[in-house]
Peer 1: 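Below is a structure I'd like to ask you about.
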Amino acid sequence: MSAELRRRVIAAAKTIVIKVGTSVLSRENDTLNVERIQSLVEQVHAIRQSGRKVVIVTSGAVGAGIGLLGLPGRPRDLPHLQAAAATGQAHLMRVYNDQLETHGYHAAQLLLTANDFRTRERYLNLRNTLSTLFEYPVIPIINENDTVSIEEIKFGDNDQLASMVNNLMDDSLLIILSVIDGLFTGDPSSPDSRLLQLVERWDDELFGHASDSKSKRGTGGMQSKLQSVRRATEVGDSVIIANGCTENILSRIMAGEELGTLFLAQDEPVPAWKRWIGYTVAPKARLHVDHGARKALVKDGRSLLAIGVTRLEGEFDEGDVVAIHDPDGLEIGRGIINYNSKETLMIRGRRTEEIAALLGTVPYDEVVHRDNLAVFV
Ligand code: GLU
(Lines give C-alpha, C1' and ligand atoms only; values in the text may rest on other atoms or scores of the structure.)
Protein backbone atom coordinates (compact mmCIF):
# COMPACT_ATOMS: atom_id res chain seq x y z
CA MET A 1 0.00 0.00 0.00
CA SER A 2 2.58 2.58 1.05
CA ALA A 3 4.99 1.36 -1.66
CA GLU A 4 2.25 1.85 -4.22
CA LEU A 5 1.56 5.36 -2.94
CA ARG A 6 5.26 6.19 -3.26
CA ARG A 7 5.36 5.01 -6.83
CA ARG A 8 2.34 7.10 -7.65
CA VAL A 9 3.76 10.25 -6.06
CA ILE A 10 7.05 9.83 -7.90
CA ALA A 11 5.42 9.05 -11.22
CA ALA A 12 3.26 12.20 -10.96
CA ALA A 13 6.15 14.58 -10.13
CA LYS A 14 7.27 16.66 -13.07
CA THR A 15 9.67 18.86 -11.11
CA ILE A 16 11.94 17.70 -8.32
CA VAL A 17 13.05 20.38 -5.87
CA ILE A 18 16.02 19.03 -3.92
CA LYS A 19 17.13 20.81 -0.75
CA VAL A 20 20.59 19.80 0.43
CA GLY A 21 21.76 20.73 3.92
CA THR A 22 25.20 21.95 4.96
CA SER A 23 26.00 18.78 6.89
CA VAL A 24 25.40 16.66 3.79
CA LEU A 25 27.70 18.81 1.68
CA SER A 26 30.59 19.40 4.01
CA ARG A 27 33.13 17.56 6.07
CA GLU A 28 33.96 17.94 9.74
CA ASN A 29 36.77 20.38 8.94
CA ASP A 30 34.47 22.82 7.09
CA THR A 31 35.59 21.83 3.63
CA LEU A 32 33.17 20.81 0.93
CA ASN A 33 32.62 17.12 0.38
CA VAL A 34 33.33 17.11 -3.34
CA GLU A 35 32.63 13.38 -3.77
CA ARG A 36 29.18 13.84 -2.28
CA ILE A 37 28.41 16.73 -4.61
CA GLN A 38 29.72 14.68 -7.52
CA SER A 39 27.41 11.82 -6.60
CA LEU A 40 24.37 14.07 -6.11
CA VAL A 41 25.01 15.72 -9.46
CA GLU A 42 25.21 12.33 -11.18
CA GLN A 43 21.85 11.46 -9.71
CA VAL A 44 20.40 14.83 -10.71
CA HIS A 45 21.53 14.08 -14.24
CA ALA A 46 19.62 10.78 -14.15
CA ILE A 47 16.49 12.59 -12.96
CA ARG A 48 16.80 15.12 -15.79
CA GLN A 49 17.19 12.26 -18.25
CA SER A 50 13.89 10.84 -17.03
CA GLY A 51 12.28 13.99 -18.46
CA ARG A 52 11.85 15.89 -15.20
CA LYS A 53 12.93 19.36 -14.24
CA VAL A 54 15.28 19.69 -11.29
CA VAL A 55 15.97 22.61 -8.97
CA ILE A 56 18.61 22.41 -6.25
CA VAL A 57 18.28 24.52 -3.12
CA THR A 58 21.69 24.30 -1.55
CA SER A 59 23.18 25.29 1.77
CA GLY A 60 26.87 25.00 2.52
CA ALA A 61 28.12 28.46 1.59
CA VAL A 62 28.74 29.69 5.12
CA GLY A 63 30.29 26.35 6.11
CA ALA A 64 32.67 26.37 3.16
CA GLY A 65 33.54 30.02 3.78
CA ILE A 66 34.44 29.30 7.40
CA GLY A 67 36.97 26.75 6.16
CA LEU A 68 38.35 28.98 3.42
CA LEU A 69 38.78 32.00 5.67
CA GLY A 70 40.28 29.84 8.43
CA LEU A 71 37.73 31.02 11.01
CA PRO A 72 37.72 29.13 14.31
CA GLY A 73 33.99 28.33 14.05
CA ARG A 74 30.68 29.78 12.88
CA PRO A 75 30.99 33.55 13.42
CA ARG A 76 28.43 35.14 15.70
CA ASP A 77 28.59 38.58 14.17
CA LEU A 78 26.86 39.42 10.92
CA PRO A 79 29.80 40.92 8.98
CA HIS A 80 31.93 37.79 9.42
CA LEU A 81 29.01 35.52 8.68
CA GLN A 82 28.35 37.45 5.49
CA ALA A 83 32.02 37.41 4.58
CA ALA A 84 32.06 33.63 5.02
CA ALA A 85 28.92 33.32 2.88
CA ALA A 86 30.37 35.47 0.11
CA THR A 87 33.59 33.47 0.01
CA GLY A 88 31.97 30.08 0.39
CA GLN A 89 29.23 30.70 -2.17
CA ALA A 90 31.71 31.22 -5.02
CA HIS A 91 33.53 28.05 -4.09
CA LEU A 92 30.32 26.05 -3.68
CA MET A 93 29.10 27.09 -7.11
CA ARG A 94 32.42 26.24 -8.69
CA VAL A 95 32.22 22.71 -7.33
CA TYR A 96 28.63 22.29 -8.56
CA ASN A 97 29.48 23.75 -11.93
CA ASP A 98 32.55 21.55 -12.42
CA GLN A 99 30.49 18.47 -11.67
CA LEU A 100 27.54 19.54 -13.78
CA GLU A 101 29.73 20.28 -16.77
CA THR A 102 30.94 16.69 -16.88
CA HIS A 103 27.31 15.81 -17.71
CA GLY A 104 26.80 18.67 -20.16
CA TYR A 105 24.99 21.17 -17.91
CA HIS A 106 25.78 24.60 -16.57
CA ALA A 107 24.98 25.70 -13.06
CA ALA A 108 22.65 28.73 -12.89
CA GLN A 109 22.99 30.62 -9.64
CA LEU A 110 19.97 32.27 -8.01
CA LEU A 111 20.58 34.06 -4.72
CA LEU A 112 17.32 35.10 -3.11
CA THR A 113 15.98 36.93 -0.11
CA ALA A 114 12.44 36.73 1.28
CA ASN A 115 11.77 40.08 -0.42
CA ASP A 116 11.90 38.36 -3.77
CA PHE A 117 8.72 36.51 -2.81
CA ARG A 118 6.91 39.40 -1.15
CA THR A 119 5.79 41.42 -4.09
CA ARG A 120 3.80 39.82 -6.83
CA GLU A 121 5.98 41.38 -9.50
CA ARG A 122 9.23 39.95 -8.18
CA TYR A 123 7.64 36.60 -7.51
CA LEU A 124 6.41 36.33 -11.09
CA ASN A 125 9.75 37.47 -12.36
CA LEU A 126 11.45 34.67 -10.47
CA ARG A 127 8.96 32.17 -11.86
CA ASN A 128 9.68 33.37 -15.38
CA THR A 129 13.43 33.16 -14.88
CA LEU A 130 13.14 29.59 -13.66
CA SER A 131 10.92 28.49 -16.50
CA THR A 132 13.32 30.05 -19.00
CA LEU A 133 16.24 28.23 -17.40
CA PHE A 134 14.39 24.94 -17.86
CA GLU A 135 14.58 25.43 -21.62
CA TYR A 136 18.37 24.99 -21.45
CA PRO A 137 20.82 22.34 -20.29
CA VAL A 138 21.11 24.16 -17.01
CA ILE A 139 20.43 23.27 -13.39
CA PRO A 140 19.15 26.18 -11.27
CA ILE A 141 20.99 26.23 -7.95
CA ILE A 142 19.39 28.42 -5.32
CA ASN A 143 20.64 29.70 -2.00
CA GLU A 144 19.70 32.53 0.28
CA ASN A 145 21.56 35.71 -0.56
CA ASP A 146 23.34 35.59 2.77
CA THR A 147 25.74 38.40 2.00
CA VAL A 148 22.97 40.99 1.95
CA SER A 149 20.31 39.22 3.96
CA ILE A 150 19.47 40.90 7.24
CA GLU A 151 16.83 39.85 9.76
CA GLU A 152 13.83 41.54 8.10
CA ILE A 153 14.38 39.90 4.74
CA LYS A 154 15.58 36.50 5.87
CA PHE A 155 13.81 33.24 5.16
CA GLY A 156 14.95 31.83 8.46
CA ASP A 157 16.76 28.98 6.82
CA ASN A 158 16.98 27.05 3.60
CA ASP A 159 14.20 24.64 4.57
CA GLN A 160 11.82 27.59 4.38
CA LEU A 161 13.40 28.86 1.20
CA ALA A 162 13.03 25.40 -0.36
CA SER A 163 9.31 25.19 0.34
CA MET A 164 8.77 28.67 -1.10
CA VAL A 165 10.67 27.69 -4.22
CA ASN A 166 8.65 24.49 -4.33
CA ASN A 167 5.46 26.55 -4.18
CA LEU A 168 6.49 28.28 -7.38
CA MET A 169 6.52 25.01 -9.30
CA ASP A 170 3.69 22.97 -10.72
CA ASP A 171 3.45 19.23 -10.04
CA SER A 172 6.54 19.18 -7.92
CA LEU A 173 7.97 16.87 -5.31
CA LEU A 174 10.19 18.39 -2.63
CA ILE A 175 13.03 16.19 -1.37
CA ILE A 176 14.80 17.49 1.74
CA LEU A 177 18.19 15.86 2.24
CA SER A 178 19.66 16.11 5.69
CA VAL A 179 21.79 13.88 7.91
CA ILE A 180 18.94 12.01 9.54
CA ASP A 181 16.89 9.25 7.96
CA GLY A 182 13.55 11.02 8.21
CA LEU A 183 10.96 11.77 10.89
CA PHE A 184 11.06 9.42 13.86
CA THR A 185 8.37 8.81 16.46
CA GLY A 186 10.76 10.15 19.11
CA ASP A 187 14.40 11.01 19.56
CA PRO A 188 16.14 9.28 16.60
CA SER A 189 18.94 8.04 18.88
CA SER A 190 16.55 6.27 21.24
CA PRO A 191 15.97 2.54 20.54
CA ASP A 192 12.19 2.88 21.07
CA SER A 193 11.67 5.38 18.33
CA ARG A 194 11.04 4.26 14.80
CA LEU A 195 11.15 5.95 11.44
CA LEU A 196 7.81 7.00 9.99
CA GLN A 197 7.84 5.87 6.37
CA LEU A 198 4.59 7.53 5.47
CA VAL A 199 2.58 10.44 6.82
CA GLU A 200 -0.75 10.46 5.02
CA ARG A 201 -2.54 13.21 6.92
CA TRP A 202 -0.74 16.28 8.17
CA ASP A 203 -1.27 16.86 11.86
CA ASP A 204 0.33 19.66 13.88
CA GLU A 205 1.07 17.06 16.56
CA LEU A 206 3.86 15.84 14.30
CA PHE A 207 5.85 18.79 15.59
CA GLY A 208 5.92 16.94 18.89
CA HIS A 209 7.91 14.12 17.25
CA ALA A 210 10.63 16.47 16.15
CA SER A 211 13.41 17.34 18.51
CA ASP A 212 14.66 20.92 18.66
CA SER A 213 18.20 19.81 18.16
CA LYS A 214 20.04 20.74 15.02
CA SER A 215 22.94 19.06 13.33
CA LYS A 216 26.31 20.52 14.22
CA ARG A 217 26.71 22.68 11.16
CA GLY A 218 23.15 22.98 9.83
CA THR A 219 20.81 25.78 10.81
CA GLY A 220 17.37 24.31 10.14
CA GLY A 221 16.61 21.32 12.38
CA MET A 222 13.58 19.03 12.17
CA GLN A 223 11.08 21.61 13.48
CA SER A 224 11.90 23.86 10.60
CA LYS A 225 11.75 20.98 8.13
CA LEU A 226 8.25 20.19 9.31
CA GLN A 227 7.17 23.82 8.83
CA SER A 228 8.42 23.51 5.33
CA VAL A 229 6.61 20.17 4.87
CA ARG A 230 3.40 21.77 6.08
CA ARG A 231 3.70 24.64 3.62
CA ALA A 232 4.26 22.27 0.71
CA THR A 233 1.69 19.58 1.55
CA GLU A 234 -1.05 22.13 2.25
CA VAL A 235 -0.87 23.43 -1.28
CA GLY A 236 -0.99 19.97 -2.79
CA ASP A 237 2.64 18.80 -3.09
CA SER A 238 4.27 15.80 -1.44
CA VAL A 239 7.57 15.94 0.43
CA ILE A 240 10.23 13.36 1.27
CA ILE A 241 12.73 13.93 4.07
CA ALA A 242 15.67 11.57 3.70
CA ASN A 243 19.31 11.10 4.58
CA GLY A 244 21.56 12.77 2.03
CA CYS A 245 24.52 10.69 3.18
CA THR A 246 22.88 7.41 2.14
CA GLU A 247 24.48 6.00 -1.00
CA ASN A 248 22.57 6.96 -4.17
CA ILE A 249 19.73 8.35 -2.14
CA LEU A 250 18.06 10.31 -4.94
CA SER A 251 18.16 7.51 -7.49
CA ARG A 252 16.84 5.05 -4.99
CA ILE A 253 14.00 7.37 -3.99
CA MET A 254 13.15 7.91 -7.63
CA ALA A 255 13.14 4.13 -8.15
CA GLY A 256 10.47 3.88 -5.47
CA GLU A 257 12.53 2.54 -2.56
CA GLU A 258 10.85 3.43 0.70
CA LEU A 259 13.68 5.50 2.13
CA GLY A 260 13.06 8.47 4.39
CA THR A 261 9.61 9.80 5.32
CA LEU A 262 7.05 10.55 2.65
CA PHE A 263 4.54 13.25 3.58
CA LEU A 264 1.60 13.06 1.23
CA ALA A 265 0.06 16.11 -0.39
CA GLN A 266 -3.11 17.21 1.40
CA ASP A 267 -6.13 17.84 -0.79
CA GLU A 268 -6.07 19.10 -4.33
CA PRO A 269 -3.27 21.33 -5.61
CA VAL A 270 -3.90 24.98 -4.81
CA PRO A 271 -3.63 27.24 -7.88
CA ALA A 272 -0.40 29.26 -8.15
CA TRP A 273 -2.10 32.60 -7.45
CA LYS A 274 -3.61 31.36 -4.20
CA ARG A 275 -0.33 29.72 -3.22
CA TRP A 276 1.26 33.10 -3.29
CA ILE A 277 -1.50 34.81 -1.33
CA GLY A 278 -1.95 32.10 1.25
CA TYR A 279 1.43 30.48 1.67
CA THR A 280 4.23 32.67 0.41
CA VAL A 281 3.81 36.34 1.15
CA ALA A 282 3.82 37.45 4.78
CA PRO A 283 0.51 39.17 5.68
CA LYS A 284 0.65 42.89 6.48
CA ALA A 285 -2.07 42.92 9.14
CA ARG A 286 -4.96 41.02 10.71
CA LEU A 287 -8.61 41.40 9.94
CA HIS A 288 -11.10 39.96 12.43
CA VAL A 289 -14.48 38.83 11.13
CA ASP A 290 -17.79 37.72 12.68
CA HIS A 291 -19.50 34.32 12.55
CA GLY A 292 -21.56 35.25 9.49
CA ALA A 293 -18.47 36.17 7.51
CA ARG A 294 -16.70 33.03 8.66
CA LYS A 295 -19.54 30.94 7.28
CA ALA A 296 -19.62 32.90 4.02
CA LEU A 297 -15.88 32.36 3.47
CA VAL A 298 -15.41 28.83 4.77
CA LYS A 299 -18.72 27.11 3.98
CA ASP A 300 -20.31 29.08 1.15
CA GLY A 301 -17.24 29.98 -0.89
CA ARG A 302 -18.14 33.69 -0.94
CA SER A 303 -16.21 36.95 -0.76
CA LEU A 304 -15.61 39.01 2.38
CA LEU A 305 -17.89 42.01 2.71
CA ALA A 306 -17.44 45.03 4.96
CA ILE A 307 -20.38 44.04 7.13
CA GLY A 308 -18.52 40.96 8.42
CA VAL A 309 -15.36 42.81 9.49
CA THR A 310 -15.22 43.51 13.21
CA ARG A 311 -11.70 44.66 14.00
CA LEU A 312 -8.30 45.41 12.46
CA GLU A 313 -4.81 44.87 13.80
CA GLY A 314 -2.13 46.75 11.90
CA GLU A 315 -2.07 49.11 8.96
CA PHE A 316 -2.17 48.26 5.30
CA ASP A 317 -2.63 49.65 1.83
CA GLU A 318 -5.06 48.58 -0.80
CA GLY A 319 -3.59 45.52 -2.53
CA ASP A 320 -1.76 44.19 0.53
CA VAL A 321 -2.23 40.66 1.78
CA VAL A 322 -4.00 40.44 5.14
CA ALA A 323 -4.66 37.50 7.44
CA ILE A 324 -8.32 36.85 8.26
CA HIS A 325 -9.21 35.63 11.76
CA ASP A 326 -12.53 34.25 13.00
CA PRO A 327 -14.17 35.22 16.33
CA ASP A 328 -12.15 32.49 18.09
CA GLY A 329 -8.94 34.06 16.85
CA LEU A 330 -8.20 31.24 14.40
CA GLU A 331 -6.62 32.30 11.12
CA ILE A 332 -9.08 31.06 8.51
CA GLY A 333 -7.46 32.51 5.41
CA ARG A 334 -5.50 35.25 3.72
CA GLY A 335 -6.50 37.59 0.98
CA ILE A 336 -5.68 40.69 -1.00
CA ILE A 337 -7.61 43.60 0.42
CA ASN A 338 -9.38 46.13 -1.79
CA TYR A 339 -9.32 48.99 0.73
CA ASN A 340 -6.58 50.53 2.86
CA SER A 341 -6.76 50.28 6.65
CA LYS A 342 -8.28 53.76 7.13
CA GLU A 343 -11.09 53.02 4.71
CA THR A 344 -11.62 49.54 6.13
CA LEU A 345 -12.01 51.03 9.60
CA MET A 346 -14.67 53.40 8.28
CA ILE A 347 -16.71 50.76 6.49
CA ARG A 348 -16.33 47.81 8.81
CA GLY A 349 -19.66 46.43 10.05
CA ARG A 350 -21.52 48.42 7.36
CA ARG A 351 -23.61 47.19 4.44
CA THR A 352 -22.16 47.47 0.95
CA GLU A 353 -24.88 50.03 0.04
CA GLU A 354 -23.63 52.33 2.78
CA ILE A 355 -20.04 52.49 1.47
CA ALA A 356 -20.75 55.27 -1.05
CA ALA A 357 -22.08 57.56 1.68
CA LEU A 358 -19.11 56.80 3.93
CA LEU A 359 -16.27 57.03 1.42
CA GLY A 360 -17.82 59.02 -1.40
CA THR A 361 -17.07 56.20 -3.81
CA VAL A 362 -17.45 52.41 -4.03
CA PRO A 363 -14.42 51.06 -5.87
CA TYR A 364 -15.30 47.47 -4.88
CA ASP A 365 -18.32 45.71 -3.44
CA GLU A 366 -16.10 43.26 -1.60
CA VAL A 367 -13.42 43.97 0.97
CA VAL A 368 -11.63 40.82 -0.20
CA HIS A 369 -12.83 39.18 -3.38
CA ARG A 370 -13.15 35.41 -3.46
CA ASP A 371 -10.69 35.15 -6.33
CA ASN A 372 -8.03 36.81 -4.20
CA LEU A 373 -8.64 34.72 -1.13
CA ALA A 374 -6.97 31.54 0.13
CA VAL A 375 -9.06 29.78 2.77
CA PHE A 376 -7.29 27.41 5.18
CA VAL A 377 -10.09 25.63 7.05
N1 GLU B 1 22.32 29.82 3.33
C2 GLU B 1 23.15 29.15 4.28
C3 GLU B 1 24.44 28.67 3.64
O4 GLU B 1 24.56 28.57 2.45
C5 GLU B 1 22.49 27.95 4.88
C6 GLU B 1 21.21 28.15 5.55
C7 GLU B 1 20.66 26.84 6.07
O8 GLU B 1 21.42 25.89 6.24
O9 GLU B 1 19.47 26.73 6.28
O10 GLU B 1 25.35 28.36 4.35
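The shown structure was predicted, so the numbers you read here are calculated from the model rather than taken from an experiment. For ligands, and for the atoms within them, numbers begin at 1 and follow the listed sequence. Numbering of residues begins at 1 and proceeds along the displayed sequence.
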Peer 1: Does any N or O atom in Gly63 lie less than 3.5 angstrom from one in ligand 1, N or O only?
Peer 2: no

Peer 1: Judging by distance only, is a nitrogen or oxygen of Gln89 under 3.5 angstrom from one on ligand 1?
Peer 2: no

Peer 1: For the residue pair Trp276 and Ile336, establish whether any side-chain heavy-atom pair is separated by less than 4.5 Å.
Peer 2: yes

Peer 1: Determine whether Met254 and Leu177 fall in the same hydrophobic cluster, where Ile, Leu, Val, Met, Phe, Trp and Tyr are linked whenever their side-chain heavy atoms lie under 4.5 Å apart.
Peer 2: yes

Peer 1: For ligand 1, which atoms have a heavy atom of Asp146 less than 4.0 angstrom away?
Peer 2: 1 (N), 2 (C), 3 (C), 4 (O)

Peer 1: Among Arg334, Arg230, Arg231, Met164, which residue satisfies the side-chain contact (heavy atoms from CB on, under 4.5 Å) criterion with Tyr279?
Peer 2: Arg231

Peer 1: In plain terms, say whether Lys284 and Asp317 are close enough for a salt bridge, that is, a side-chain N and a carboxylate O under 4.0 Å apart.
Peer 2: no

Peer 1: Name all residues meeting the side-chain hydrogen bond (donor to acceptor under 3.5 Å, both in side chains) criterion together with Gln266; count only those two or more places apart in sequence or in a different chain, and write none if there are none.
Peer 2: Arg201

Peer 1: What atoms of ligand 1 come closer than 4.0 angstrom to any heavy atom of Asp157?
Peer 2: 9 (O)

Peer 1: Does an N or O from Thr58, backbone or side chain, lie closer than 3.5 Å to an N or O of ligand 1?
Peer 2: no

Peer 1: Can you find a non-hydrogen atom of Gly21 under 4.0 Å from ligand 1?
Peer 2: no

